[in-house]
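Below, read A as the first sequence line, B as the second, and so on, with proteins coming before strands; counting in each chain starts at 1. Atom set for the values below is all heavy atoms of this structure, side chains included, hydrogens, waters and symmetry mates excluded. Bear in mind that the values here come from a model prediction, so they are computed numbers and not experimental data.
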Number of protein chains: 2
Amino acid sequence: MPRKPAPGTRERILDVAADLFDRRGVHAVGMQQIIDGVGCGKQLLYREFPSKDHLVVAYLERSAQAWASTLARVCATVDAPEDQLVELVRAVQGMAPNTRGCPLRNTHAEFPDPGHPAHQVSLKHFQDVREQLRELARRTPAAHPDRLGDRIMLIIDGLYVSGSTLGPTGAGATAVGLAQDVVRAEIAAQAV
Amino acid sequence: MPRKPAPGTRERILDVAADLFDRRGVHAVGMQQIIDGVGCGKQLLYREFPSKDHLVVAYLERSAQAWASTLARVCATVDAPEDQLVELVRAVQGMAPNTRGCPLRNTHAEFPDPGHPAHQVSLKHFQDVREQLRELARRTPAAHPDRLGDRIMLIIDGLYVSGSTLGPTGAGATAVGLAQDVVRAEIAAQAV
DNA sequence: GTCTATACTTTGATAGAC
DNA sequence: GTCTATCAAAGTATAGAC
């Protein structure tokens, strides 16, 4: 059984691949470019990732983990659930300094075939996020928590997309302000 | 200079191409599939569209025209500008019965290269739409019309994206309700 | 002359062999 | 790491039908 040559090999490959995928899109990046970027041989890459699909899936799962980390960090930093929702929107604004938007959203758009693993992995992620946001909203005193969660999800989706075309600054301010107002309105509706 | 043999040729090609592009994405559709779908020869297609890029651009411009028609229809049907904004969101909800979202958004995600014509055409469309929405918002008594316009744009973007993953019904209701509340809130802010 | 159908060339990709 | 097999796609050219 072949041993791993260096412990960080898998991560290094993923670093290079993620950078290229983020900037140019998955379809436009060939395996050879990734190999050249890593600076190692073909064997090594194909040992870690038997096919490009495997590599893409690993890339998506890593992006999903980045979201999970953000969620955990925000929940650990901010106390009130209603503030957590707003802070998540602000965190998304900060997560996309480039103008290309969300890796999972972009890759999802690149693989419309429902049978493709990249499509399935990204789709499951969005369903998970929706449930997480609804769960957070249920801890607030909002009148309709599921509606609040879905609205925050819509704002985050719009932020990713608008930010990739209109620039992150303008769209970011719009999204955060809107999220604040939405949360406030839902809480106020409860007070009535 | 060769004349058009049949007047509807160009439209027929675009019909077939748009259907395939919408369902499977631009990259996944080969010129041969479009030719097979139309039932014509290669010469004819390449006479109307000298390259695939030309065809994609025509496809995008046609989608942009569909938006322009929707905008004109809503403005002609509804009187109050604040109702027009909400009605636009509702119209977008109806325009995406499939689960693939906006053709312009999807194609934009498929062509990240800023030098590619498909990227430029779609980008210009989004800038135009943003200005149109701001212009509509300026006719309302909203306190901050540009902010209102940007918020509606964010909602429309989010609707396209959320609808493509969570289904158009749930996301549509969320987006329309949110748009109503946003418009109402901006008008109320003016009343103060 | 105009359209269909097919063959061909070039390019670039994945993936495996050594 | 290099070299190669395989395949798919864009675009061109050509042969032939109405």
Side-chain angles (χ1 to χ4, degrees), chain A residues 1-6 9-10 12-14 16-60 106-107 110-113 115-119 121, chain B residues 1-60 106-107 110-113 115-119 121:
Chain A
M1 185 174 172
R3 303 164 55 250
K4 292 189 194 171
T9 302
R10 194 182 172 89
R12 260 176 38 90
I13 294 171
L14 270 177
V16 172
D19 180 59
L20 289 169
F21 288 162
D22 283 343
R23 283 207 315 253
R24 301 184 210 170
V26 173
H27 280 307
V29 174
M31 295 294 265
Q32 193 57 52
Q33 298 176 47
I34 298 170
I35 288 161
D36 291 346
V38 175
C40 72
K42 221 176 218 187
Q43 263 187 340
L44 196 55
L45 188 146
Y46 276 98
R47 192 183 294 296
E48 291 292 329
F49 305 99
S51 77
K52 189 178 182 179
D53 283 355
H54 287 81
L55 178 58
V56 174
V57 166
Y59 158 67
L60 293 178
N106 289 331
T107 309
E110 273 194 274
F111 293 90
D113 178 11
H116 197 284
H119 187 93
V121 169
Chain B
M1 187 171 174
R3 302 167 61 249
K4 293 187 193 173
T9 302
R10 195 184 171 88
E11 285 307 308
R12 261 179 32 94
I13 294 171
L14 270 177
D15 284 342
V16 173
D19 180 59
L20 289 169
F21 288 162
D22 282 343
R23 283 207 314 255
R24 302 185 210 170
V26 173
H27 280 308
V29 174
M31 296 295 264
Q32 192 59 52
Q33 297 177 50
I34 298 171
I35 288 159
D36 292 346
V38 176
C40 70
K42 238 178 198 185
Q43 260 188 345
L44 192 57
L45 189 147
Y46 275 98
R47 170 123 52 228
E48 292 292 328
F49 305 98
S51 76
K52 187 177 183 180
D53 284 354
H54 287 80
L55 179 58
V56 173
V57 166
Y59 157 68
L60 293 178
N106 289 332
T107 309
E110 273 196 274
F111 293 91
D113 178 9
H116 197 284
H119 187 93
V121 169

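Here the straight-line distance linking atom CD of Glu48(B) with atom CD of Glu11(B) works out to 10.0 Å at 0.5 Å rounding. Residue Phe21(A) holds its CZ atom at 4.0 Å from CD1 of Ile34(A), rounded to the nearest 0.5 Å. The distance from the CZ atom of Arg10(A) to the CG atom of Leu55(A) is 9.0 Å, given to the nearest 0.5 Å.
No side-chain donor-acceptor contact under 3.5 Å links Lys42(B) to the backbone of Met31(B).
When heavy atoms are screened at a 4.0 angstrom cut-off, Cys40(B) is found touching the sugar-phosphate backbone but no base atom.
In this structure, Phe111(B) and His116(B) have tilted ring planes: the angle between them lies in the 30° to 60° band.
Glu110(B) and Asn106(B) form no side-chain donor-acceptor contact under 3.5 Å, judged by distance and modelled atom types alone.
Atoms CZ (Phe49(B)) and C1' (dG11(D)) sit 16 Å apart, rounded to a whole Å. Distance Gln43(B) CD to dA7(C) C1': 14 Å, rounded to the nearest Å. Here the P atom of nucleotide dT12(D) and the CG atom of Leu44(B) are 15 Å apart, to the nearest Å. If you measure from atom CZ of Arg47(B) to atom P of dT12(D), you get 13 Å, rounded to the nearest angstrom.
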Could you go over nucleotides 7-10 of chain D and give all protein N or O partners under 3.5 Å, atom names and distances?
residue	atom	partner	partner atom	Å
dA10(D)	OP1	Lys52(B)	NZ	3.1
dA10(D)	OP2	Met31(B)	N	2.9

